[in-house]
**Q** 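Below you will find the structure I want to go over with you.
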Amino acid sequence: MITITYYGHSNVLIQNERVKIVIDPFFTNNPLNTVSDIHAIKPDYIIVTHAHSDHIGDTVVIAKHSSALVVSNFEIVNRIRKSGINAHALYISGTMSIPGGWLKFTPAAHGSSFEDGAYGGLAMGVLIHLDGKTIYHAGDTGLTYEFKGLGELYDIDLALLPVGGNYTMDVKDAAVASRWLNARLVVPIHYDTWDLIKLHQEDIEEHLKPVVPVQLIAVGKSFCME
Ligand code: NI
Ligand code: MN
């Protein structure tokens with residue numbers, strides 16, 4: 001059984017009995033954060049989709065306090081390795097084995113720079129195959145025809161898609177992406193963190209739900225995939 005926990009923004013924990021994977025662990029300075037002790041999470045893997053601070057978040061601190069392996073692009077891995085943490089560089093299409101499955105980076109239509117403006121490589125999404133299920137976390141991305149290709153290549157059980165607009169797709173774009181991805185279930189992410197990316201619930205009803213089954217997860221809550 002796979003459990004998905006939503007920590008707000010793009011921050012998601014995916015776990016089963018054997019492995020814990022956190023994606024974009026943005027807790028500190030995240031206005032939505034509900035976790036008081038981030039060291040209690042103890043992930044095995046930390047995936048960072050791109051260098052923006054709302055995605056790198058607490059990666060270095062969590063990795064230092066756990067034995068987590070950070071998996072990200074070459075530029076991000078190169079930089080954070082200097083903090084003495086365990087990190088593995090993968091790039092778009094790059095795949096690695098994890099216990100019970102694999103993970104693979106996918107293209108995203110977005111930027112990636114560190115807070116000081118330094119180049120942070122390419123922004124990416126990630127496919128995680130675990131216990132026979134395929135989960136897609138799109139990272140930050142605009143609407144791109146890449147979704148169509150991913151939908152043709154992979155049998156996606158769950159797609160975590162940004163819907164807040166402004167920096168990424170909005171709900172209408174996410175509806176098109178959902179159609180192209182042909183995912184069995186969509187969980188919206190990257191909304192309500194700030195006023196600029198406020199979600200209007202009626203947009204979900206009007207645009208997304210007619211296209212795909214949708215599950216909104218309250219921040220700090222989990223749901224299970226059987
Ligand atoms: Ni971003
Ligand atoms: Mn972002």
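Order of appearance sets the numbers: ligands from 1, and atoms from 1 within every ligand. Numbers here are sequence positions counted from 1.
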**Q** For the Ni ion (ligand 1), does an N/O/S atom of His110 lie at less than 2.8 Å?
**A**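 So His110 counts as coordinating the Ni ion (ligand 1), yes.
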**Q** Suppose you place the vertex at the Mn ion (ligand 2); what is the angle out to Asp140 OD2 and His55 NE2, to 10°?
**A**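 Vertex at the Mn ion (ligand 2): approximately 90°.
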**Q** Of all N, O or S atoms in Asp140, identify the one at the shortest distance from the Ni ion (ligand 1).
**A**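 Within Asp140, restricted to N, O or S, the Ni ion (ligand 1) is closest to atom OD2.
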**Q** Counting backbone and side-chain atoms alike, does Asp54 have an N/O/S atom under 2.8 Å from the Ni ion (ligand 1)?
**A**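 Under 2.8 Å: Asp54 has no N, O or S contact with the Ni ion (ligand 1).
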**Q** Taking the Ni ion (ligand 1) as the reference point, name the nearest N/O/S atom of His52.
**A**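 Of all N, O or S atoms belonging to His52, ND1 is the one nearest the Ni ion (ligand 1).
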**Q** Which heavy atom of Ser10 sits nearest a heavy atom of His190, and at what distance?
**A**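 Shortest heavy-atom contact: OG-CD2, 3.7 Å.
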**Q** I want to check something: taking the side chain as every heavy atom from C-beta on, are Val163 and Ile197 in contact at a cut-off of under 4.5 Å?
**A**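 SC-SC contact between Val163 and Ile197 ruled out.
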**Q** Testing Thr59, Ile46, Val12, Thr49 one by one against Asp24 for a side chain to side chain contact (heavy atoms under 4.5 Å, CB included), which residue passes?
**A**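 So the option named by the test is Thr49.
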**Q** Under a 3.5 Å cutoff, is there a donor and acceptor pairing between the side chains of Thr134 and Asp155?
**A**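 No donor-acceptor contact under 3.5 Å links the two side chains.
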**Q** Closer than 2.8 Å to the Mn ion (ligand 2), do we get an N, O or S atom from His190, backbone or side chain?
**A**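 Checking the Mn ion (ligand 2) against His190, an N, O or S atom does fall under 2.8 Å.
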**Q** Does a donor on one side chain sit under 3.5 Å from an acceptor on the other, for His55 and Asp140?
**A**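 Note: His55 and Asp140 side chains meet the donor-acceptor criterion.
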**Q** Nearest to the Mn ion (ligand 2), which N, O or S atom of Asp54 do we find?
**A**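 This turns out to be OD2.
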**Q** Is a side-chain donor or acceptor of Asn30 paired with a backbone partner of Phe26 at a separation under 3.5 angstrom?
**A**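 Confirmed, Asn30 side chain pairs with Phe26 backbone.
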